[in-house]
Amino acid sequence: MPTPTHAFGRTRSGRSPWPISIAAGVVTGMICALAAAAVNGGTSAWRLGLAIFAATAPMLTAGVWAVVVDRSTIRGAAARPEQSVEAAWLDRAAAAGFMDVLALAGLGAGLTAIVPALGELRAWQVLTALCLFAMVDFGVRYQVAKRRA
């Protein structure tokens with residue numbers, strides 16, 4: 001008998017994955033918020049904690065759901081997603097994007113050694129720019145692969 005499917009799936013035991021996902025997401029979000037507020041101190045620590053909680057709790061809830069749900073119980077889920085055409089696009093975009101990041105990092109290191117003004121940049125500025133470049137590059141390459149297919 002085939003396994004019944006649901007919009008958001010079920011755990012292997014047949015229960016809804018949401019109670020444990022929401023509880024774990026809220027608890028870990030609160031831990032992150034309390035840690036951020038404790039490190040920050042000051043008068044606006046509660047605002048920072050609230051912002052951290054609002055940002056992390058939904059993502060942590062979704063992450064726990066992805067771990068506890070049984071994939072075969074999700075309606076419309078592919079049986080082998082790693083063999084899909086989207087996975088092939090992702091692999092091609094990631095491989096080419098990684099090579100672009102390596103090339104940019106090498107060129108940036110060389111320019112930093114040659115141009116003294118670039119040596120005054122802070123590490124967070126350089127890493128933020130490199131990270132943004134990597135995300136945009138990957139997104140563009142994925143869309144190009146999708147259009148070509």
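Reckoned from all heavy atoms, side chains included, excluding hydrogens, waters and symmetry mates. Residues take their numbers from the sequence shown, with the count starting at 1. This is a predicted model, so every value here is computed, not measured.
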Is there side-chain contact between [X] and [Y], with heavy atoms separated by less than 4.5 Å?
{"X": "Leu90", "Y": "Phe138", "result": "yes"}
{"X": "Trp18", "Y": "Thr61", "result": "yes"}
{"X": "Val126", "Y": "Arg122", "result": "no"}
{"X": "Ile74", "Y": "Val69", "result": "yes"}

From CA spacing to verdict: side chain to side chain contact (heavy atoms under 4.5 Å, CB included), Trp65, Ile20: CA-CA 8 Å; Trp65 173 85; Ile20 188 69; over 6 Å; no

How many angstroms lie between [atom1] in [X] and [atom2] in [Y], if you round to the nearest 0.5 Å?
{"X": "Leu121", "Y": "Leu127", "atom1": "CG", "atom2": "CG", "answer": "11.0 Å"}
{"X": "Leu118", "Y": "Leu111", "atom1": "CG", "atom2": "CG", "answer": "6.5 Å"}
{"X": "Gln125", "Y": "Glu120", "atom1": "CD", "atom2": "CD", "answer": "11.0 Å"}

Considering only Ile, Leu, Val, Met, Phe, Trp and Tyr, and joining two whenever side-chain heavy atoms are under 4.5 Å apart, list the other residues clustered with [X].
{"X": "Val144", "answer": "Val136, Val140"}
{"X": "Phe98", "answer": "Met99, Leu102"}
{"X": "Met135", "answer": "Leu132"}
{"X": "Leu104", "answer": "Val101, Leu130, Phe133"}

same_hphob_cluster(Ile52, Val26) at 4.5 Å side-chain heavy-atom cutoff: no

Listed once per pair and sorted, the side-chain hydrogen bond (donor to acceptor under 3.5 Å, both in side chains) pairs that draw on residues 87-113, sequence neighbours left out: Asp100-Arg141

Work out which heavy atom in [X] is nearest to a heavy atom in [Y]; give both atom names and the distance.
{"X": "Pro17", "Y": "Val68", "value": "CB-CG2, 3.8 Å"}
{"X": "Val64", "Y": "Ala24", "value": "CG2-CB, 3.8 Å"}
{"X": "Leu60", "Y": "Gly29", "value": "CD1-N, 3.6 Å"}
{"X": "Cys32", "Y": "Thr56", "value": "CB-OG1, 4.2 Å"}

Ion pair check, Arg10 and Asp70, cut-off under 4.0 Å: no

Within 6.0 angstrom of Leu48 CG, more than 12 heavy atoms from elsewhere: yes

Salt bridge (charged side-chain N to carboxylate O under 4.0 Å, His left out) pairs, two or more places apart, involving residues 30-50: none

